[in-house]
Amino acid sequence: MTDRLTDRALDPAALLDQTADPESGALVVFGGTVRFDGRVQAIDYTAYRPLADKALREVEQATLARFGDVRQCRVLHRLGRVGLGELSVLVVVRAGHRAAAFEAAHWAIDALKQRVPVWKQEHYADGSSGFVEGVPLQAADAP
Amino acid sequence: MQVTVEFFGVLRALAGTDRARIELPARARVSHAYRELAARYPDLADRLHSTACAIGDTLVARDAPLADDARLALIPPVSGG
């Protein structure tokens, strides 16, 4: 099983293999990639690993609990320097049917953005860098 | 007692270090650590109200008691995903 936090390039194919499920009829993959906004050249992701790993696991479990038709949910985040167009985050959901798969993948990435202690530092063409503003960490059992 | 504080995200840049050892009175709580950090690192002070903290893999409340030699991770607003 792939580590949830890794400094290697994220591999969607591996996650598809690991979640293979003949009783699922729907597969949704969400990938977040580093976007060029006119200034960003790369993003450096850091994490507080002990809690980040646990929080990613909790997002997976919460997704499974919330969407009854969902049978598999994996969420991975890349750490370290990530270049333009590269994946920083990957969500894979398999469900019996597509409605739950789409909804669950959306829910999972939104939950990750609030619950996982990861920080994004943008690097710009002029050599400067800056931390993105962020949202206060939300505990897993918060509404 | 002494606790180790680990800085993450923008706090690391503002503190100029990734960790610090601070001296606290016996039976201090997380809130005392925050007060000490605000005094020692004034550039961080206005960020602390939106900064959570954890010991190991568990978030701790401001009124949580601290043990001698605890390691407190300071978690500023997050921006993963």
Side-chain angles (χ1 to χ4, degrees), chain A residues 4-5 10 30-35 43-59 75-79 82 87-91 105-122 128-142, chain B residues 3-22 29-31 33-38 41-81:
Chain A
R4 291 184 182 85
L5 294 165
L10 296 177
F30 169 78
T33 54
V34 175
R35 181 174 60 94
I43 292 182
D44 205 11
Y45 286 98
T46 50
Y48 174 54
R49 283 179 166 263
L51 184 56
D53 186 73
K54 180 179 167 196
L56 286 170
R57 212 174 347 114
E58 286 175 347
V59 168
V75 180
L76 303 189
H77 205 303
R78 185 164 165 199
L79 299 179
V82 185
L87 286 166
S88 56
V89 65
L90 204 51
V91 174
H106 193 167
W107 190 87
I109 184 63
D110 285 355
L112 179 155
K113 282 173 161 296
Q114 299 190 310
R115 300 184 189 189
V116 183
V118 169
W119 297 276
K120 185 177 178 181
Q121 184 183 26
E122 295 178 333
S128 66
S129 64
F131 278 93
V132 166
E133 200 55 49
V135 295
L137 183 72
Q138 198 178 82
D141 54 5
Chain B
V3 304
T4 300
V5 173
E6 291 181 315
F7 299 105
F8 288 92
V10 68
L11 300 181
R12 209 172 258 196
L14 292 171
T17 180
D18 65 354
R19 72 193 54 197
R21 246 357 224 156
I22 60 174
R29 296 175 183 273
V30 168
S31 54
Y34 272 48
R35 222 172 297 150
E36 177 62 26
L37 288 166
Y41 300 97
D43 287 347
L44 286 190
D46 62 354
R47 307 265 180 169
L48 291 175
H49 70 93
S50 58
T51 292
C53 64
I55 296 178
D57 67 358
T58 305
L59 288 172
V60 292
R62 297 296 169 93
D63 61 356
L66 288 170
D68 189 26
D69 230 29
R71 302 183 70 87
L72 210 55
L74 290 187
I75 298 172
V78 300
S79 49

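Residue numbers begin at 1 in each chain, while the letters A, B, ... track the order of the sequences.
At a 4.5 Å heavy-atom cutoff, the contact between A:Val118 and chain B is made by backbone and side-chain atoms alike. Looking at A:Tyr45, only its side chain comes within 4.5 Å of chain B, counting heavy atoms on both sides. Heavy atoms of A:Ala47 lying under 4.5 Å from chain B belong exclusively to its backbone. Interface remark: B:Leu14 contributes no atoms to any contact with chain A (heavy atom separation under 4.5 Å). Heavy atoms of A:Val116 lying under 4.5 Å from chain B belong exclusively to its backbone.
Minimum interatomic distance between A:Pro50 and B:Gly56 (heavy atoms only, all atoms of both residues): CB-O, 3.8 Å. Of all heavy-atom pairs spanning B:Ser50 and A:Pro136, the tightest one is O-CB, 4.3 Å. For A:Gly134 against B:Ser79, the heavy-atom pair with the smallest separation is CA-CB, 4.1 Å.
For the options A:Pro117, A:Ser88, A:Gly32, heavy-atom pairs under 4.5 Å to chain B are most numerous at A:Pro117. Ranked by heavy-atom pairs under 4.5 Å with chain B, the list A:Leu51, A:Leu112, A:Ile43, A:Val89 is led by A:Leu51.
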Stepwise side chain to side chain contact (heavy atoms under 4.5 Å, CB included) test for A:Lys54 and B:Thr58: CA-CA 9 Å; A:Lys54 180 179 167 196; B:Thr58 305; 4.0 Å; yes
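Rounding to the nearest 0.5 angstrom, the gap separating the CZ atom in B:Phe8 from the CG atom in A:Leu137 is 12.5 Å. The structure places CG of B:Asp57 at 8.5 Å from CD of A:Glu58, a figure rounded to the nearest 0.5 Å.
More than 12 heavy atoms of other residues, nucleotides or ligands shown are found within 6.0 angstrom of CZ on B:Arg21.
Under the 4.5 Å side-chain criterion, counting only non-hydrogen atoms from C-beta, B:Ile75 is in contact with A:Trp119.
No donor-acceptor pair closer than 3.5 Å links the side chain of A:Tyr48 to the backbone N or O of B:Phe7.
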